[in-house]
Amino acid sequence: MSSFSEDDAFEAAAAPANRPSLSQMAMGARPTPYLDGLNPAQREAVETLDGPVLMLAGAGTGKTKALTCRIAHLLNTGRARPDEILAVTFTNKAAREMKDRVAGLMGQSVDGVRWLGTFHAICVKQLRRHAELVGLKSNFTILDTDDQIRLLKQLIRAADMDEKRWPARQLAGLIDGWKNKALTPAKLGAADEMAFNDKGKTLYAQYQQRLKDLNACDFGDLLLHMVTIFQNHPDLLEQYQRWYKYILVDEYQDTNVSQYLWLRLLAQGHRNICCVGDDDQSIYGWRGAEVGNILRFEKDFPGAKVVRLEQNYRSTPHILAAASSVISANAGRLGKELWTAEQDGELVRLIGHWDGEEEARWVGEEIEAMHSGTRSRLRKFSLDEQAILVRASHQMRAFEDRFLTIGLPYRVIGGPRFYERLEIRDAMAYFRVVISPEDDLAFERIINVPKRGVGDKAMADIQITARTNGVSLKEGARIAVQDGLLKGKAKTGVAQLIDQLDRWSSLCVQQIRVDGVADEDAVIERDEEPAEISHVELAEMILDESGYTTMWQNDKNPDSPGRLENLKELVKALEAFDNLGGFLEHVSLIMDNSSEEQGEMVTIMTLHGAKGLEFPVVFLPGWEEGLFPSQRSMDESGQKGLEEERRLAYVGITRAEELCTISFAGNRRVYGQWQSQLPSRFIDELPPEHVDVLTPPGLYGGGYGAASSGGFDSGAASGMSTGFEDRVSKADGYNSPGWKRLQSRSQRSGAATNVRSGSGSMTIDAKASAVFTVGDRVFHKKFGYGQVMELDGDKLTIDFDHSGEKKLVASFVVPADKASDVPF
DNA sequence: AACTTCTTACTTTTT
DNA sequence: GTAAGAAGTT
């Protein structure tokens with residue numbers, strides 16, 4: 001086992017001697033031009049180098065700038081050598097950006113900052129060094145979710161449980177959750193032990209044992225193992241504590257318990273830890289993030305300096321005001337108020353639509369109008385400058401459909417990532433078995449892909465053979481073939497596969513790196529002795545000879561050509577690596593979306609995916625109760641869930657630089673069933689004076705109180721102006737001037753946005769109660785005829801003859817005798 | 001063993 | 001409404 005200091009000595013010696021190190025260059029007085037562009041708060045965050053610092057950085061306040069300047073400053077002042085800085089991010093993208101920007105500031109590449117990376121990448125690096133302390137070998141493999149599920153399925157089956165009642169997915173979720181909380185099987189609480197049909201703890205323990213047997217770990221283990229190691233080996237921990245003089249953490253509000261413990265252990269030495277985050281942007285609670293970590297920072301690190309970055313450089317005042325107003329409804333915030341030096345800007349726009357398709361149509365027209373510059377007062381916006389941010393990915397389809405028909409180019413971000421695609425994982429599984437013949441999970445994945453006549457029976461036989469002989473699945477299969485256990489198609493198929501695998505492996509042997517620890521930072525250009533066959537050729541050979549390529553060529557699914565394309569891309573990606581092994585190591589951690597798009601396109605993505613991004617024009621559709629805030633979130637996590645949804649709304653609004661448009665639909669098809677939708681309560685939390693309402697009031701409820709109860713009655717009805725009444729055009733259902741104007745507005749896209757003088761003076765609740773009384777027969781375009789059961793402000797509870805009871809906004813129905821008047 | 005029909009359940013997602 | 005997974009059929 002290599003001790004830490006030996007490693008360091010080795011690495012220090014191996015450092016190129018012909019180039020002055022950053023710290024050498026940093027000796028003596030150096031100019032600090034990078035400090036000049038900072039505002040006072042940023043500067044304080046950058047210059048407070050010693051002791052714990054919490055940087056509360058609101059959206060768009062230049063947090064990455066401050067973070068990267070801080071690193072540059074640490075190096076520049078000679079406080080730390082590049083490798084004495086530990087800088088952690090959540091995503092590879094963020095890590096890359098930080099590296100690039102520090103390099104930009106320093107005017108040179110910063111390869112020396114070896115400990116800048118994601119939590120997982122850094123933990124892998126550490127764990128490879130100390131794997132034996134948790135019973136693993138240094139070359140352990142990292143399982144992805146798919147492998148994980150397959151393994152758990154086997155365990156559940158072995159435990160004789162009903163796979164339907166006790167799905168492996170659910171168990172995987174539980175185990176992930178425990179690992180996020182740094183709970184090993186031994187540390188599980190009583191309730192958790194009994195989870196999953198009383199088998200929670202047992203199965204978890206079995207799973208961990210299986211992982212150890214396979215010399216593998218999952219993503220959660222990377223963190224958890226390191227925490228365990230540090231907790232059990234104080235001497236080792238101390239070395240690391242001494243080593244990392246300065247620690248920086250990005251997106252601290254997203255850390256889970258394991259990550260928190262890991263950080264806290266490492267920071268106990270020098271206590272120079274700088275955590276950057278925004279409690280208002282904590283949107284990953286559902287995957288174990290603990291907002292509590294950031295809320296507790298000052299207690300964890302007494303004497304911590306708290307710096308607030310509140311000057312926003314991204315959005316207009318109206319956008320900021322809307323975001324602030326929404327988020328202020330949350331309790332227990334650390335408190336921050338964004339402000340901007342900007343004066344001008346558009347109001348946040350709010351519009352309601354009849355249904356989801358209408359919403360998509362309108363957004364499409366708006367995007368085209370923005371693009372062609374026909375929107376008066378506003379500049380032209382390229383498609384790249386516009387984005388649609390949805391709560392859930394299924395909302396994307398309506399927009400895709402619409403954009404396809406009108407020929408508006410778009411890009412969807414957040415689909416299945418390249419390396420998560422079926423064909424890529426299959427190919428990778430082939431590579432894995434070739435490199436490590438004992439990789440049972442990979443072997444299992446490919447043994448019958450393409451079809452080799454291996455079914456449940458044959459597979460079970462192979463499993464048993466392997467187990468009784470105590471060998472890998474591949475060897476078990478070999479024995480099963482020799483012993484005549486397999487018959488017919490399966491026999492020939494498996495025999496051929498094994499021969500092929502053996503041959504590929506032998507071709508691969510000379511390529512396996514001897515140093516074992518493949519460093520992802522290793523220079524990729526390093527020339528190796530050209531093997532008889534390059535790893536790229538080998539990969540092509542594997543895919544061709546195995547029949548895998550042929551399988552997709554013969555497949556007549558419309559997506560097969562795409563899959564073949566992806567396989568070609570995979571082979572191309574290989575070229576950047578020395579060998580297959582190095583490539584696999586890289587891929588297991590870096591699940592990047594390697595898509596080089598061309599041309600201008602509108603971006604469609606989820607709110608989660610948009611965190612950290614910004615767009616001049618942002619559309620936020622689907623602000624409806626149940627969809628956003630998501631019903632499930634509220635059901636599962638109650639008030640906490642609602643607040644996280646609200647933070648998501650905050651994230652969404654603050655993505656917009658110049659124009660933010662929120663919309664909702666009154667009707668939406670959910671799981672194939674038409675449902676009437678109520679406007680989101682978040683809409684009521686928007687500040688009226690900063691909102692431009694493009695909607696006839698009936699569509700959203702006229703003012704406050706769409707869903708948050710009472711607000712409407714006590715506000716509008718009692719004569720207390722909520723602000724929206726004056727701004728909106730008055731309408732009374734389908735035939736109202738307001739509704740007509742909305743329709744025509746979207747047809748002539750050049751119409752000015754802020755012409756909305758009221759034509760009537762009655763508010764819609766007055767109208768609703770004036771027009772409808774309990775017992776009235778009404779007609780609704782989608783639900784047909786029904787009877788009014790209850791009145792609630794502008795909303796009616798209606799018992800529909802065919803669709804049952806529903807609560808909806810009054811303007812969606814007309815008296816039954818006016819049914820024929822309903823347009824379209 | 002492979003193909004077909006039926007049931008069921010359904011956020012958000014990085015590593 | 002759809003996609004995945006399980007049961008049922010060839």
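No experiment lies behind these values; they were computed from the predicted model shown. Residue numbering restarts at 1 for every chain, and letters A, B, ... go by the order of the sequence lines.
A salt bridge between A:R432 and A:D147 is present, with a side-chain N of the basic residue lying under 4.0 Å from a carboxylate O of the acidic one. A salt bridge links A:K457 with A:D461: the distance from a Lys NZ or Arg NE/NH1/NH2 to an Asp or Glu carboxylate oxygen falls below 4.0 Å. The pair A:R402-A:E357 does not meet the salt-bridge criterion, since no charged nitrogen lies less than 4.0 angstrom from a carboxylate oxygen. With salt bridges taken as basic N to acidic carboxylate O contacts below 4.0 Å, one links A:R361 and A:E358. A salt bridge links A:E251 to A:K63: one of the charged nitrogens lies within less than 4.0 Å of a carboxylate oxygen. With salt bridges taken as basic N to acidic carboxylate O contacts below 4.0 Å, one links A:D144 and A:R425.
Figure legend. C:dG8 is base-paired to B:dC3; pairs are counted as Watson-Crick or G-U wobble with both atom distances under 3.5 Å.
With DNA chain B read from its 5' end, the first of the two nearest nucleotides for A:Y671 and A:D176 is the one closest to A:Y671. The residue among A:H394 and A:G453 whose nearest nucleotide of DNA chain B is located toward the 5' end is A:G453.
The base of B:dT12 sits within donor-acceptor range of the side chain of A:R391, with an N or O pair under 3.5 Å.
Heavy atoms of A:S393 sit under 4.0 angstrom from primed sugar atoms or phosphate atoms, though from no base atom. Among the heavy atoms of the strands, none lies under 4.0 Å from A:E251. Residue A:D218 is classed as having no contact, given no heavy-atom separation below 4.0 Å to the nucleic acid. Counting any heavy atom pair closer than 4.0 Å across all strands shown, A:Q395 reaches no nucleic acid atom. Looking at heavy-atom distances under 4.0 Å, A:D254 makes no contact with the nucleic acid at all.
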Go through A:F230 and A:Y240 one step at a time and tell me if the ring-ring contact (aromatic ring centres under 6.0 Å, His included) criterion holds. CA-CA 9 Å; A:F230 285 146; A:Y240 277 91; 5.3 Å; yes
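Taking only side-chain nitrogens and oxygens, A:T606 comes nearer than 4.0 Å to OP1 or OP2 of B:dT13. Of the side-chain N and O atoms in A:N92, one or more sit less than 4.0 angstrom from OP1 or OP2 of B:dT15. Under 4.0 angstrom from either OP1 or OP2 of B:dT14 there lies no side-chain N or O belonging to A:N256. At B:dT14, none of the side-chain N or O atoms of A:T118 fall inside 4.0 Å of OP1 or OP2 (strictly under the cut-off).
Ring stacking holds between A:W286 and B:dT12, with the centres under 5.5 Å apart and the planes within 30 degrees of each other.
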Taking N or O atoms only and anything under 3.5 Å, show me the protein contacts with nucleotides 5-10 of chain C, one pair per line.
none

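Put simply, CD on A:Q631 is 18 Å from P on B:dA9, counting in whole angstrom units. Atom pair A:D162:CG and B:dT7:P shows a separation of 17 Å (rounding to whole Å applied).
Applying the 90° cutoff around 0 to the glycosidic angle, B:dT11 is assigned syn.
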